Protein chains: 2
Amino acid sequence: MPYDPSAFPPFAVTVDLVVLTVRRHALCALAVRRGEPPFQGRWALPGGFVRADEDLSQAAARELAEETGLCAHGPAAPAQDNGAHLEQLATYGDPERDPRMRVVSVAHLALAPDLPAPRAGGDASNARWAPVEELLQQGGYGRDGEPMAPLAFDHAQILADGVERARSKIEYSSLATAFCPSEFTVGELRRVYEAVWGVALDPRNFHRKVTGTPGFLVPTGGTTTRQGGRPAQLFRAGGATLLNPPMLRPEV
Amino acid sequence: MPYDPSAFPPFAVTVDLVVLTVRRHALCALAVRRGEPPFQGRWALPGGFVRADEDLSQAAARELAEETGLCAHGPAAPAQDNGAHLEQLATYGDPERDPRMRVVSVAHLALAPDLPAPRAGGDASNARWAPVEELLQQGGYGRDGEPMAPLAFDHAQILADGVERARSKIEYSSLATAFCPSEFTVGELRRVYEAVWGVALDPRNFHRKVTGTPGFLVPTGGTTTRQGGRPAQLFRAGGATLLNPPMLRPEV
DNA sequence: GTGTTTATCGTCAGGAAGACGACTATGATC
DNA sequence: GATCATAGTCGTCTTCCTGACGATAAACAC
């Protein structure tokens with residue numbers, strides 16, 4: 001078929017972000033309140049249009065910086081540089097997903113260490129970290145007693161897919177360190193796994209496992225007592241990105 | 001921001017397909033020859049524009065049917081129904097990836113049993129199954145001595161990503177059965193793993209492993225000698241989609 | 001000091017996987 | 001028909017990993 005601009009329908013292309021972090025032992029996602037219709041006043045995932053001269057990953061990194069100030073790095077993550085991990089998640093293109101027009105959204109997944117309060121165009125009341133289970137439950141009430149409407153558009157599905165990706169990916173990759181500050185203890189890393197998977201892990205077996213996996217953790221020599229109790233060794237993320245053997249998520 | 005159609009740039013959205021199969025002990029992909037510029041005469045992945053009222057997965061299934069006649073089913077695959085497995089792979093949106101205009105392509109991965117010769121709009125000379133290593137090598141010569149130009153657009157990258165997805169996914173899912181006919185032997189399944197991974201596997205350990213994984217294989221009661229040698233039991237794919245424990249890809 | 005908390009080391013039993021021997025049941029060849 | 005080649009299937013043995021859990025260590029609160 002020759003080139004004919006009328007031969008294909010025009011689409012709007014957006015990026016939406018599932019930004020995850022661990023706060024107070026819970027897996028949380030960044031949500032922003034919509035200021036305009038459709039779904040005005042409802043919570044949604046941050047995102048925006050891809051610009052004409054931008055790659056998809058560039059657009060995602062730009063949106064991430066606008067919403068959180070984080071500097072992104074790609075899936076082939078180098079050692080911890082205090083930026084966020086960013087990778088493409090999936091693309092959502094149901095013809096009915098946006099009532100205004102045909103929008104295809106390329107969702108991205110970002111993993112970040114615990115951060116100060118989010119900003120959404122400088123307006124803190126319109127952005128927040130919320131536990132993912134709170135965002136995903138239908139028709140419940142939030143921690144502040146406010147009735148929780150479901151997320152706008154198909155963002156509940158996107159969030160669920162992002163959470164599932166994160167849950168499975170920390171099994172066989174060193175991605176869990178993306179939730180930690182640049183230096184962290186084995187216990188802090190264990191609490192990340194416990195928060196993301198929602199299970200309790202044996203501290204002794206976990207310690208043996210992560211310290212025994214080559215390339216996962218590199219000791220810095222320092223220690224800390226910020227968690228209370230006996231001082232713990234500090235580590236930073238090692239060069240390995242794939243864990244062999246993988247961490248095993250307990251059954252059920 | 002209020003709804004303003006001029007506020008976002010228009011994109012063309014396409015689906016491209018990585019269709020994989022195993023033929024003659026080699027992992028092969030479906031390639032079609034381009035009939036028009038750009039990249040006229042070069043090999044490319046099959047694909048086409050998403051229609052105005054179509055979901056992305058619908059568009060991918062339609063393209064797959066047009067190129068191969070296969071009926072697709074989704075990632076939550078039911079028991080083997082002789083259709084192809086189809087899942088979304090990733091989305092490619094570099095501003096320069098198509099010289100004509102801004103095109104975002106949602107690549108999909110399809111896995112199919114060995115098939116009769118492909119058809120591309122009824123023209124067999126413009127479609128073929130080619131070993132993936134042949135399609136991915138730069139500047140070599142094909143099996144027929146014809147010089148091999150690289151695949152059109154960024155299709156070499158898409159194909160490489162699809163192959164890597166298939167290689168890793170047969171580790172922890174029962175997807176390898178999507179390469180087999182509805183009834184198959186343990187040896188045939190092993191040859192699928194060997195072709196996709198490009199390694200030799202121990203027949204005895206492989207047999208113990210797959211027959212011992214609950215839900216992976218169910219015996220049909222029949223036997224076959226189509227591979228020569230002692231008759232082998234026939235199986236069909238069981239209900240399990242995730243393998244626990246996973247198959248282990250041997251180290252390099 | 002005593003108790004609490006967290007970190008870290010060690011032990012032991014059960015299971016999974018790699019290496020590989022042995023046996024079985026076909027078709028092909030002489 | 002005997003022999004051989006080819007595949008398939010069952011066992012064994014050793015090694016490694018994991019889960020369960022006891023024990024010790026080093027901080028802080030009182």
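Because the structure is predicted, anything quoted here is derived from the model rather than measured.
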Discussion item. Could you measure the distance from the CG atom of A:Leu70 to the CG atom of A:Leu17? Nearest 0.5 Å is fine.
Written reply: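 With rounding to 0.5 Å, CG (A:Leu70) is 10.5 Å from CG (A:Leu17).
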[X] side chain to [Y] main-chain N or O, any donor-acceptor pair under 3.5 Å?
X	Y	result
A:Arg236	A:Pro219	no
A:Thr177	A:Ser174	yes
A:Trp129	A:Thr21	no

Practice prompt. With a 4.0 angstrom cut-off to heavy atoms of chain B, pull out the first and last contacting nucleotide of DNA chain D, in 5'-to-3' order.
Written response: D:dT6 to D:dT12
Item to complete: Sequence neighbours left out, what passes side-chain contact (heavy atoms from CB on, under 4.5 Å) with A:Glu194? Give chain and number order.
Response: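 A:Glu194 satisfies side-chain contact (heavy atoms from CB on, under 4.5 Å) with A:Arg190, A:Arg191, A:Ala200, A:Leu201 only.
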Worksheet entry | Test side-chain contact (heavy atoms from CB on, under 4.5 Å) applied to B:Thr223 - qualifying residues, sequence neighbours left out | B:Pro231
Fill in: Sequence-distant partners of B:His155, ring pair (Phe, Tyr, Trp, His ring centres under 6.0 Å), two or more places apart
B:Phe153
Worksheet item: What residues form a ring pair (Phe, Tyr, Trp, His ring centres under 6.0 Å) with A:Phe206, not counting sequence neighbours?
Response: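 Only A:Tyr193 meet the ring pair (Phe, Tyr, Trp, His ring centres under 6.0 Å) criterion with A:Phe206.
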Fill in: Close approaches to DNA chain D from residues 188-196 of chain B, in residue order (heavy atom, under 4.0 Å)
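Hits under 4.0 Å, by residue number: B:Arg190, B:Arg191.
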Practice prompt. Kindly state which residues belonging to residues 224-235 of chain B come within less than 4.0 angstrom of DNA chain C, counting heavy atoms of the residue only, listed by number.
Written response: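 Listed by number, they are B:Gly229, B:Arg230, B:Pro231.
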Worksheet item: Which residues in residues 211-219 of chain B have at least one heavy atom lying under 4.0 Å from any atom of DNA chain C?
Response: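 Listed by number, there are none.
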Practice prompt. Not counting sequence neighbours, which residues clear side chain to side chain donor-acceptor pair (under 3.5 Å) with B:Asp161? List them please.
Written response: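 Checked B:Asp161 against side chain to side chain donor-acceptor pair (under 3.5 Å); matches are B:Tyr92, B:Gln157.
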Fill in: Test side chain to side chain donor-acceptor pair (under 3.5 Å) applied to B:Asn205 - qualifying residues, sequence neighbours left out
B:Arg208
Worksheet entry | Shortest non-hydrogen separation from A:Gly162 to A:Leu20 and the atoms involved |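 Minimum heavy-atom separation between A:Gly162 and A:Leu20: O-CD1, 4.2 Å.
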Worksheet item: Under the salt bridge (Lys or Arg N to Asp or Glu O under 4.0 Å) rule, what pairs show up with a residue in residues 210-227 of chain B, not counting sequence neighbours?
Response: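 The answer is B:Glu188-B:Arg226.
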Discussion item. Go through it in stages, so that I can follow the logic: the residues are A:Lys209 and A:Glu171, the test is salt bridge (charged side-chain N to carboxylate O under 4.0 Å, His left out), and I'd like the CA-CA distance, side-chain angles, deciding distance and then a yes or no.
Written reply: CA-CA 12 Å; A:Lys209 175 78 172 152; A:Glu171 285 191 68; over 6 Å; no
Discussion item. Between B:Pro250 and B:Val199, is there a side-chain heavy-atom distance shorter than 4.5 Å?
Written reply: yes
Item to complete: With the side chain counted from C-beta on, respond yes when B:Arg128 and B:Cys28 share a heavy-atom pair under 4.5 Å apart, and no when they do not.
Response: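 A side-chain contact under 4.5 Å is absent here.
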Discussion item. So if I define the base as every atom that isn't primed, P, OP1 or OP2, how would nucleotides 10-19 of chain C read as a B/S/- string at a heavy-atom cutoff under 4.0 Å?
Written reply: BB-----BBB
